[in-house]
Structures are given as C-alpha cells and as structure tokens.
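Below: one structure, written as structure tokens.
Quick caveat, the model's predicted, so the values are computed rather than measured. Only heavy atoms go into these numbers, but all of them, side chains included; no hydrogens, no water, no symmetry mates. So you know, we letter chains A, B, ... as the sequences are listed, proteins then strands, and number each from 1.
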Protein chains: 2
Amino acid sequence: MAYTKADPGSRRDTIIEAAARQFAKAGYDATTMRDIASLTGMLPGSLYYHFRSKEELFAAVHEEAIQKICDSVVRAIDPAADPWTRLEQAATGYLESMLMHDSVYAGIIVTEFPRRRSRNLREQLIGHRQRFERLFADIVEELPLKDGVDRSYWRLALLGMLAWTYVWYRPGGDPPKVIAQTMVKMLRNDTAQADS
Amino acid sequence: MAYTKADPGSRRDTIIEAAARQFAKAGYDATTMRDIASLTGMLPGSLYYHFRSKEELFAAVHEEAIQKICDSVVRAIDPAADPWTRLEQAATGYLESMLMHDSVYAGIIVTEFPRRRSRNLREQLIGHRQRFERLFADIVEELPLKDGVDRSYWRLALLGMLAWTYVWYRPGGDPPKVIAQTMVKMLRNDTAQADS
DNA sequence: CAAGCAAGCAAACAAGCGTTCGATAAGGAG
DNA sequence: CTCCTTATCGAACGCTTGTTTGCTTGCTTG
C-alpha cells in the first residue's frame, strides 16, 4: 500500500527534504532533477519511481512546507490565552519556521508564486496556502478591534509584514519572537479597543 | 555613440519593455530570449546586438523598473506637505506603479530575489534597490514617532505590507490610494507622538 | 529454495536553452 | 562610387533540461 503522506525517514521524505532545500536556495525553475538526485545520492531517473514529475514533486514539497509551518504555528499557540497573545504566538511560530536555518520550508511559500505555474499546479498550491491563512484569519476574527476596522486589510497587513522579513532578515538579527512581538504591537494599539 | 540609458522609443527601449512584460509574467528563469525576441518581432540572435547576455538585459530591465517606480513615488509626493502626508503619498505612488495593469515593472522587484542570481548580477540589483528604499527611509526619518520606536522595523513593516499587496491584490479591488492610506493609518496612531 | 515486488541504476531521448557567427541589407560620409 | 557603421537575419553550436526505458539488485514472503 502506497503512502500519500511522508513518513519521517522514508525515502520519499528524504527526497522531499533535499528538494525543499534546493528549491529554497535556487527557486523552482533553476532547480534541476539532477540537483535533487545528487543531494540524495541517487541518479536522476530514480526520482521518477517516487514522483511522476517535477511538478508533482514540487507540489509534495509545498504541501509539506505548509504542513511544517502550520505545525510550528499551532505548536506556538496556547489555546487558553487571549486573542492578542495567541496572535503574537502565532506570528512567532511563523517567523521561527521561516528564519531558523534548520527549517528551509517556509521560504518556499514566500518566494514561489502560484500564478506562474501551470493551472493544475497552481490550484494545488493555492489550496495548500488557504490552510495556513485560515490559522491567522481565525485569530484575527476574535480580536477586539475598534468598530470600522477592516479585518481583511488588518490580516493582510500583518501577513505582509511577516512574510517580508524573509527578504531582509539576516542571521544574527533579533530573534523571531522579538520581531513578532514588535510587529504585532505596531498594529495593535491603533486599532484595538481601549482596554476597559 | 552608444547610449547607456533608454531613450523612449529606441529599439533598446522596446526590447526592455517586452522583456519586462515577459519577466513579470513568467519570472526570470522561465523567460527565454526567444520569448522576448518574438514579442519584439525579432529573431533571438538579434537581441545580442543590444545586450551582451540575458543577465545584462535583465539588469537593464531591473534598473528601468526601479527608475519607473522611483519616478512614480517622487511624482506623488508634495514636498511641501508634512511627513505623514508625504509618506501616504509615497505609498500611493508605489502601489500605483505596482498594481495598475499598464505598468508591469514594479512586480519584478517584488518577485525576483537578488539572492538567487550570480554575484555580479546580485550586486547590481541590490544597488538599484537601495535607491528606492532610501526614498522611504528619508521620509520615515522625519516622522514624529514616539521615543523608543525603532524606525528600521517601522520602515520594513510598512514596505512589507505594501510589497505584499502584489500577492493578494486583484483588479477591481480598492484603488491604490485607499489601500495606501489604510495601511499607513494602521501603523500611525500607535507609534506617533500625541498631536500636541 | 523460488517467486515477486520494491527500489534504484545506467543510458539514452527529444526538446529547448543561451549564445555565436558569418552574411546581408540599408544608409550616411568622404 | 566606395567605405564604414548599424541593425538584423538565418542557421547553427554545445549544453542542459525533464523524462523514459530496460535491466539489475536485494529483500520479503510463501
């Protein structure tokens, strides 16, 4: 029986991880099946036993990336905390999975734009991403914001700030937690209801 | 005598514009010299009379893109206005050059990541970008912010929010001016000094 | 031990890539 | 008329790409 998801340690999982590393470093187009094969110690043709095509491999990498990010976000959240705290925790989890060297997955969803891929692939990628975005949308929905504040804009603004850290962040800078707290705070006081 | 910049209407300029359109649509790697040649009605080899390589052509496109964005930003600013107003105007100019269909240049600096290119090209691209970022840095420097607010974070947060609109914006949504004002306002009240 | 399947190797394929190069037409300068 | 430059064509070169195919190993199961 074939697995559809990646068991940790399986060959399929090894390939996905190597592919993720290369996709993150060079981008989809500039990554060759030979690069990926070489990283796993295999020959190019052997990859096709596990994945039908480069696109399918990328879709698997993308799904795994979303999975890892969502895990990191969910793990960072204390469900008993108030919405503002939970948002701060979610942002921290997101940035951690994006900025720490050992995890190379999150950068992919920032740098790869579904619009540029084939229709089939594009729809898969967009589907994956919605799982991630809902995580934040749900928290933002519970935030006590002033009347008249557009929660859509509010959420997109925050996600934009966070995603863009991937562009300017350099190792040795402030840790993800500090950045996350700073950014949430920047958006907070203006739109929040007065603490009664 | 060769020109180094693009005279409007020149052959070189025509190529740059066609290339920009294709780079924006498909990305650097997925854009072929044959695509660009075909858009201008030339044959692939003919492009090499005007540009020594694909990288050099892209560098020219990138420089032109920065130029166009900076123009759009500067044109939107009223130098006599106060810093908050000028920031709002700058943001509007940026979004206009990015989100309006007729200009295809701004998307390139959001979707192409210098880190992934050769060292030579990378350094050129980063150099271009600094011209654009200084435009915003200068205004942010003059903003009357509360003591203790990190202007670096503040600027990066705003630029992230703005750049990310390229990912989620769809034609028919709010006009750039509304988005720019909304986003500046979101960051404003928290960190601004009280209006004395 | 025999059979069968999982996994990978080795080698090739056609297509497409960036780029090169000699030829060529058009037009201005002397 | 001759010479030189500008701009392009037409055709190819060498290389890399994603992918396919037939063969071989090695483990597992009966």
Quick one: label B:Thr40 by what it contacts on the DNA or RNA (base, sugar-phosphate, nothing), any heavy atom closer than 4.0 Å. nothing
Taken to the nearest whole Å, CG/B:Asp35 to P/C:dG16 is 11 Å
*Per the atom types in the model, does the base of C:dG16 pair as donor or acceptor with the side chain of B:Arg34 at under 3.5 Å?*
no
Tightest non-hydrogen contact, residues B:Thr92 and B:Lys177, listed as CG2-CA, 3.7 Å
In Watson-Crick or G-U wobble terms, with both distances under 3.5 Å, the base opposite C:dA3 is D:dT28
Whichever of B:Gly45 and A:Ile15 has the more 5' nearest nucleotide on DNA chain C, that residue is A:Ile15
| Is there a side-chain polar atom (N or O) of A:Ser46 under 4.0 Å from OP1 or OP2 of C:dA7? | no
On DNA chain D, more 5' by nearest nucleotide between A:Thr32 and A:Arg52 is A:Thr32
Distance test, side-chain N/O of A:Tyr49 to OP1/OP2 of C:dG8, below 4.0 Å:
no
Against the side chain of A:Ser53, the closest entry in D:dG10, D:dT19, D:dT8 is D:dT19
At less than 4.0 Å, is any side-chain N or O atom of B:His50 found next to OP1 or OP2 of D:dT6? Yes or no. no
Residues at least two apart in sequence or cross-chain that pass salt bridge (Lys or Arg N to Asp or Glu O under 4.0 Å) with B:Arg52, listed by chain then number, are B:Glu56
In whole angstroms, the gap separating P of D:dT17 from CG of A:Leu47 amounts to 13 Å
SB check B:Arg117 B:Asp29 (cutoff 4.0 Å) = yes
Which of D:dT8, D:dG18, C:dG8 is nearest the side chain of A:Met33? It is D:dG18
Exactly one candidate in A:Leu187, A:Ile77, A:Asp82, A:Val184 meets side-chain contact (heavy atoms from CB on, under 4.5 Å) with A:Leu87; the answer is A:Val184
Is A:Arg11 close enough to C:dA6 that one of its side-chain N or O atoms is under 4.0 Å from OP1 or OP2 there?
no
